[in-house]
Participant: 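Here you go, one structure.
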Amino acid sequence: QVQLVESGGGSVQAGGSLRLSCTASGRTLSSYGVGWFRQAPGKEREFVVHISRYGGTTNYADSVKGRFTISRDNAKNTVYLQMDNLKPEDTAIYYCAAKEFPSSWPVREYDYWGQGTQVTVSS
């Protein structure tokens, strides 16, 4: 079992930046592929980006490509999401999720989810 906690959310103006963190406890994060998702009010959950176990492969949604950057530090049990040039449409609750024993792409089901952190971008 692994527990995930997101942090770093907040309110910014369009064009600003935020850095989200996803920190694991209970187990080391090195065994897991990790993804970020978001859910805006009234909308379905949306895939944002995924990073492989050791960071060698990343997959970004087209909507964030070139603006968001995912990275991980397995020694710190943490995955980061650097968000630059934020837009109002990025407003959502952001969740991180972990996939145990990842071996293929795309990931169909993630095994563990955090509780989310709110990101609000104003215009």
Side-chain angles (χ1 to χ4, degrees):
Q1 298 288 334
V2 62
Q3 295 79 46
L4 305 175
V5 178
E6 303 94 336
S7 62
S11 298
V12 298
Q13 291 187 306
S17 298
L18 285 172
R19 188 195 194 196
L20 306 183
S21 297
C22 174
T23 301
S25 62
R27 296 263 184 94
T28 60
L29 199 57
S30 61
S31 298
Y32 302 85
V34 176
W36 284 96
F37 294 79
R38 64 188 183 186
Q39 187 167 23
K43 294 187 176 181
E44 297 295 324
R45 187 181 64 198
E46 175 189 18
F47 168 79
V48 177
V49 62
H50 178 91
I51 188 168
S52 61
R53 287 179 65 187
Y54 298 107
T57 302
T58 56
N59 298 279
Y60 292 87
D62 288 341
S63 60
V64 305
K65 193 174 299 181
R67 300 187 299 118
F68 291 9
T69 304
I70 191 171
S71 62
R72 67 189 302 163
D73 187 341
N74 285 341
K76 295 182 178 180
N77 268 354
T78 300
V79 170
Y80 304 98
L81 182 63
Q82 178 67 42
M83 305 185 295
D84 297 318
N85 192 24
L86 284 161
K87 303 176 180 180
E89 52 262 43
D90 295 319
T91 295
I93 300 175
Y94 283 71
Y95 301 89
C96 65
K99 173 63 178 178
E100 193 171 13
F101 308 121
S103 61
S104 64
W105 179 260
V107 175
R108 296 297 183 184
E109 296 181 9
Y110 289 81
D111 301 302
Y112 306 99
W113 293 81
Q115 65 183 39
T117 185
Q118 178 70 50
V119 171
T120 302
V121 184
S122 61
S123 60

Participant: Closest heavy-atom contact between Leu29 and Thr78?
Facilitator: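 Nearest pair, atom of Leu29 first, then Thr78: CD2-N, 4.0 Å.
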Participant: Of the non-hydrogen atoms in Gly116 and Ile93, which two are nearest, and what is the gap between them?
Facilitator: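 Heavy atoms of Gly116 and Ile93 come nearest at CA-CG2, 3.9 Å.
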Participant: Atom CD1 in Ile51, atom SG in Cys96: separation rounded to 0.5 Å?
Facilitator: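 Answer for the CD1-SG pair, Ile51 versus Cys96, is 12.5 Å.
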Participant: Inspect the contact between Asp62 and Lys65 and indicate whether a charged nitrogen and a carboxylate oxygen are less than 4.0 angstrom apart.
Facilitator: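 Here Lys65 pairs with Asp62 in a salt bridge, since their nearest N and O are under 4.0 Å apart.
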Participant: If you measure from OG1 on Thr91 to NZ on Lys43, what distance do you get to the nearest 0.5 Å?
Facilitator: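 It comes to 10.0 Å.
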Participant: Could you pull out the closest heavy-atom pair between Glu100 and Arg27, with the gap in Å?
Facilitator: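 Shortest heavy-atom contact: OE2-NH1, 3.8 Å.
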Participant: Can you confirm whether Tyr60 sits close enough to Ile70 that some side-chain heavy atom of one is under 4.5 Å from a side-chain heavy atom of the other?
Facilitator: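 Yes, their side chains come closer than 4.5 Å.
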Participant: Can you tell if the side chain of Leu20 reaches within under 4.5 Å of the side chain of Tyr80, non-hydrogen atoms only?
Facilitator: no
Participant: How long is the span from the CG atom in Asp90 to the CD atom in Glu46, to the nearest 0.5 Å?
Facilitator: 9.0 Å
Participant: Just so I know, are the side chains of Leu81 and Arg38 near enough to count as touching, which here means a heavy-atom distance under 4.5 Å?
Facilitator: no
Participant: Ignoring hydrogens and angles, state whether a donor on the side chain of Asn77 or Thr23 is under 3.5 Å from an acceptor on the partner side chain.
Facilitator: no
Participant: Centre-to-centre under 6.0 Å for Trp105 and Phe47, is that the case here?
Facilitator: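 Distance test on ring centres: under 6.0 Å, yes.
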Participant: Find the distance between CG (Leu18) and OG (Ser11) and round it off to the nearest 0.5 Å.
Facilitator: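 Leu18 atom CG to Ser11 atom OG measures 8.5 Å (nearest 0.5 Å).
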Participant: CG of Leu86 to OG of Ser122: how many Å apart, nearest 0.5 Å?
Facilitator: 10.5 Å
Participant: Carefully, step by step, assess Lys99 and Glu109 under the rule salt bridge (Lys or Arg N to Asp or Glu O under 4.0 Å).
Facilitator: CA-CA 7 Å; Lys99 173 63 178 178; Glu109 296 181 9; over 6 Å; no
Participant: How long is the gap from CG on Asn74 to OG on Ser31, to the nearest 0.5 Å?
Facilitator: 8.5 Å
Participant: Less than 4.5 Å apart, any side-chain heavy atom of Tyr94 and any of Gln118?
Facilitator: no
Participant: How about Tyr110 and His50: are their ring centres within less than 6.0 Å of each other?
Facilitator: yes
Participant: Is it true that a side-chain atom of Arg72 and a backbone atom of Ser52 form a donor plus acceptor pair closer than 3.5 Å?
Facilitator: yes
Participant: Do you know which of Val48, Asp84, Val49 makes side chain to side chain contact (heavy atoms under 4.5 Å, CB included) with Phe68?
Facilitator: Val48
Participant: Would you say that more than 12 heavy atoms from the other residues, nucleotides or ligands in this model lie under 6.0 Å from the CD of Gln82, or not?
Facilitator: yes
Participant: Please find the pair of heavy atoms, one from Ala40 and one from Ala92, that lie closest to each other, and give the distance.
Facilitator: N-CB, 3.7 Å
Participant: Glu6 side chain to Gln115 main-chain N or O, any donor-acceptor pair under 3.5 Å?
Facilitator: yes
Participant: Indicate, with yes or no, if the rings of Tyr95 and Phe37 have centres closer together than 6.0 Å.
Facilitator: no
